[in-house]
Amino acid sequence: MMQIFDTLNNKKTELKFSNKVRIYLCGVTVYDDAHIGHARTIIVFDVLRRFLESQKIPVEFIQNFTDVDDKIIDRANQEKISALELAAKYTKNYFDDFDGLNIKRATLYPKATEHIEDMQNLISNLVDKKFAYVTKNGVYFSVSKFDNYGKLSKKHTDDLVSGARVNIDEEKNDPIDFALWKFSESEPSWDSPWGKGRPGWHIECSAMSLKYLGESFEIHGGGRDLIFPHHENEIAQSESFTSKQFAKIWMHIGMITINGEKMSKSVGNVKSVNHVLGDWGPNIIRLFCLSGSYSKPIDYSEKLLRENITKLRQIESCYYELRLAVGSGTNSTADKLLDECKNEFDSALNNDFNTPLALTAYYKLIKEVNSLAAEEEITENYAKIILPEFERMSEILGIDIMKVSDEEKNSINQMIKKRDEYRIEKNYEEADKIRDEIAGKNIIFIDHKNRTTWVKQEKINAE
RNA sequence: GGUGAGGUAGUACAGUCCGGUAGUGCAUGGGCCUGCAAAGCCUAGAGUCGGGAGUUCAAAUCUCUCCCUCACCUCCA
């Protein structure tokens with residue numbers, strides 16, 4: 001049984017579910033290209049989802065797009081296009097980036113603009129119940145009406161008021177009340193019972209999670225920086241509406257920092273997914289993002305990314321040594337290794353999704369395979385036992401190793417044969433020509449004592 | 001100031017909940033394999049677990065205290 005640290009109760013909590021695990025992940029605001037910080041959060045949830053599914057647990061995974069928001073409108077004005085066009089553009093970029101990162105598509109990617117009516121229904125209900133009130137600027141949630149406000153972020157409403165960095169709006173009953181609906185005549189805007197305008201930020205996630213996952217669901221996640229105010233406000237709205245517990249587990253992902261400082265637009269230290277993907281490829285980025293506990297910060301550096309090239313090479317070697325195994329001898333260590341690594345891998349992930357420890361188990365299996373391969377002791381029987389587990393782990397981690405077609409395989413074998421002939425003749429010049437030629441296709445020959453195997457490597461541009 | 005998360009070999013992390021004199025990767029040194037390479041493998045060195053105090057037969061792990069870092073408290077993954 002899996003345990004995940006729940007931000008609300010501040011402790012590891014068993015992931016209980018009846019027939020499926022429902023996950024809502026706060027996605028991105030589509031006003032600019034996604035950066036590596038977004039990627040980390042989404043990679044973590046992608047692996048979580050793959051892990052659950054590998055255990056035959058059905059997962060319903062919802063990830064929203066915020067496609068109406070002040071930043072979108074500002075940016076659209078700058079670029080002299082409509083807000084919807086701008087959002088559409090960056091939504092497309094999002095999928096280009098994250099398909100490139102080998103992220104499995106979510107069950108559904110609902111958009112705020114397509115759920116205006118759902119939000120309005122929710123707001124109406126909150127107004128009726130006096131949890132919300134209308135001013136000349138919009139509709140606001142009355143924080144003081146919700147007893148447990150602050151329970152997620154452990155903030156006291158008194159402190160928030162005295163902090164008073166919130167922009168003062170005299171119309172609001174209380175400075176910490178937040179907008180459900182903002183009046184506005186300019187586009188994009190929608191008619192509503194209270195007046196023309198657009199929704200506040202937090203209400204969309206309440207409306208869409210309620211609609212698709214129900215009043216109460218298993219996991220709600222996002223970056224740590226969303227704990228306050230976004231998730232706190234979601235709880236207030238949703239639980240005021242349903243009178244039920246909203247998410248059962250709140251799972252928050254640590255920030256990506258650069259030189260210890262949070263990656264953000266205002267600091268100007270943002271690394272876009274597009275850029276980093278071009279340099280390092282999906283596998284390196286995934287290994288990098290999974291190399292630390294999901295809840296802690298990870299410092300972005302080229303040095304750390306580079307370390308993962310070595311890991312990737314070992315992974316690739318392992319895969320191809322297993323694929324190219326020959327001989328029918330038995331190896332008694334296979335079953336033991338399989339059990340150990342599978343066990344360590346799964347229990348690591350079950351224990352608060354400890355990906356660094358899971359990676360250790362993955363690397364342990366790889367090291368053992370490569371070690372045997374160095375001694376030419378990998379047989380088909382051995383590979384038959386180990387390969388499925390290796391592929392299972394790789395699949396969960398979303399590591400996608402470069403494959404070759406059958407034709408390519410034949411041609412590689414031809415080249416190895418030809419090269420061997422040259423080597424027997426001690427015509428090393430010709431032999432090396434073949435090796436160089438094939439290296440151009442990122443295929444590396446590996447000369448063992450008695451035979452030559454090969455690896456198809458992913459080209460890493462930053463290397 | 002409030003809240004939360006951290007400080008473990010050169011470096012990046014795990015171990016802390018469930019006390020038993022520290023593990024893993026990378027880097028570095030040496031070696032194996034090779035026609036030479038590459039890839040891979042083997043092996044070695046490296047830590048008073050932020051400081052101090054306490055509980056205990058025993059503390060990285062529990063308690064207290066101090067120091068430092070970061071995040072959130074305004075939009076943020």
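So you know, we letter chains A, B, ... as the sequences are listed, proteins then strands, and number each from 1. These numbers come from the heavy atoms of this one structure, side chains and all, not from hydrogens, waters or symmetry mates.
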Integer angstrom distance from the [atom1] of [N] to that of [M]:
{"N": "B/G40", "M": "B/G25", "atom1": "C1'", "value": "16 Å"}
{"N": "B/C32", "M": "B/A59", "atom1": "P", "value": "44 Å"}
{"N": "B/A9", "M": "B/C18", "atom1": "P", "value": "26 Å"}
{"N": "B/A58", "M": "B/U11", "atom1": "P", "value": "33 Å"}
{"N": "B/U21", "M": "B/C13", "atom1": "C1'", "value": "22 Å"}
{"N": "B/G47", "M": "B/A12", "atom1": "C1'", "value": "15 Å"}
{"N": "B/G35", "M": "B/A44", "atom1": "P", "value": "28 Å"}
{"N": "B/U74", "M": "B/G51", "atom1": "P", "value": "36 Å"}

Is [X] side chain donor-acceptor paired with the [N] base, going by distance under 3.5 Å alone?
{"X": "A/Asp447", "N": "B/G40", "value": "no"}
{"X": "A/Lys12", "N": "B/C17", "value": "yes"}
{"X": "A/Arg435", "N": "B/A37", "value": "yes"}

Open item on the list: Please determine whether the number of non-hydrogen atoms from other residues, nucleotides or ligands lying under 6.0 Å from atom CD of A/Glu429 exceeds 12.
Closed with: no

[X] side chain, from C-beta outward: closest of [options]:
{"X": "A/Arg313", "options": "B/G40, B/C72, B/C75", "result": "B/G40"}
{"X": "A/Arg224", "options": "B/A77, B/C26, B/G4", "result": "B/G4"}
{"X": "A/Lys262", "options": "B/A71, B/U34, B/G40", "result": "B/A71"}
{"X": "A/Pro356", "options": "B/C42, B/U11, B/A14", "result": "B/A14"}
{"X": "A/Arg419", "options": "B/C36, B/C42, B/A27", "result": "B/C36"}
{"X": "A/Lys155", "options": "B/C72, B/G15, B/G35", "result": "B/C72"}
{"X": "A/Asn354", "options": "B/A27, B/C75, B/G15", "result": "B/G15"}
{"X": "A/Val28", "options": "B/C36, B/A77, B/C72", "result": "B/A77"}
{"X": "A/Lys367", "options": "B/C41, B/A39, B/G35", "result": "B/C41"}
{"X": "A/Asp225", "options": "B/G35, B/A77, B/G4", "result": "B/A77"}

Using modelled atom types only, decide if a donor and an acceptor are shared between the side chain of [X] and the backbone of [Y] within a distance under 3.5 Å.
{"X": "A/Arg49", "Y": "A/Glu60", "value": "no"}
{"X": "A/Asp67", "Y": "A/Ala112", "value": "yes"}
{"X": "A/Asp177", "Y": "A/Val143", "value": "yes"}

Task: Over-ring placement of A/Lys104 relative to A/Phe98, 6.0 Å and 45° cut-offs - done: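 The answer is no, since A/Lys104 fails at least one limit relative to A/Phe98.
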
Task: Quiz item: cation-pi between A/Lys456 and A/Tyr320, 6.0 Å / 45° - done: no

- [ ] Name the nucleic acid region contacted by A/His35, choosing base, sugar-phosphate or nothing; use a 4.0 angstrom heavy-atom cut-off, strictly under.
- [x]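 The residue A/His35 makes base contact.
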
Open item on the list: Under 4.0 Å, counting only non-hydrogen atoms across every strand here, what does A/Leu357 touch: a base, just sugar-phosphate, or nothing?
Closed with: sugar-phosphate

For [N] and [X] - does any side-chain N or O of the residue sit under 4.0 Å from the phosphate oxygens OP1/OP2?
{"X": "A/Ser293", "N": "B/A14", "result": "yes"}
{"X": "A/Asn308", "N": "B/A12", "result": "no"}
{"X": "A/Gln314", "N": "B/G25", "result": "no"}

Solution key, residues 21-32 of chain A side-chain donor-acceptor pairs under 3.5 Å, sequence neighbours excluded:
unit_1	atom_1	unit_2	atom_2	d
A/Arg22	NE	A/Glu218	OE1	2.9
A/Arg22	NH1	A/Leu213	O	3.1
A/Arg22	NH1	A/Ser216	O	3.3
A/Arg22	NH2	A/Ser216	O	3.1
A/Arg22	NH2	A/Glu218	OE2	3.0
A/Tyr31	OH	A/Lys265	NZ	3.4
A/Asp32	OD2	A/Arg75	NH1	3.2
A/Asp32	OD2	A/Lys265	NZ	3.4

- [ ] Quick one: stems involving RNA chain B, counted as three or more successive Watson-Crick or G-U pairs, both distances short of 3.5 Å.
- [x]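 Runs of three or more consecutive pairs: B:1-7 with B:67-73, B:10-13 with B:23-26, B:28-32 with B:40-44, B:50-54 with B:62-66.
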
- [ ] May I have the distance from A/Lys311 (atom NZ) to B/A27 (atom C1'), rounded to whole angstrom?
- [x] 11 Å

TODO: Mind calculating the distance between CG (A/Asp69) and P (B/U74) to the nearest angstrom?
DONE: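 Those two atoms, CG and P, are 17 Å apart.
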
Open item on the list: Is it true that A/Asp33 and A/Asn93 share a donor-acceptor pair across their side chains at a distance under 3.5 Å?
Closed with: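 A donor-acceptor contact under 3.5 Å links the two side chains.
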
Pair up each side-chain donor or acceptor in residues 267-277 of chain A with any protein partner under 3.5 Å, not counting sequence neighbours, and list the distances.
unit_1	atom_1	unit_2	atom_2	d
A/Asn269	OD1	A/Ser264	N	2.9
A/Asn269	ND2	A/Lys262	O	3.2
A/Ser272	OG	A/His275	N	3.1

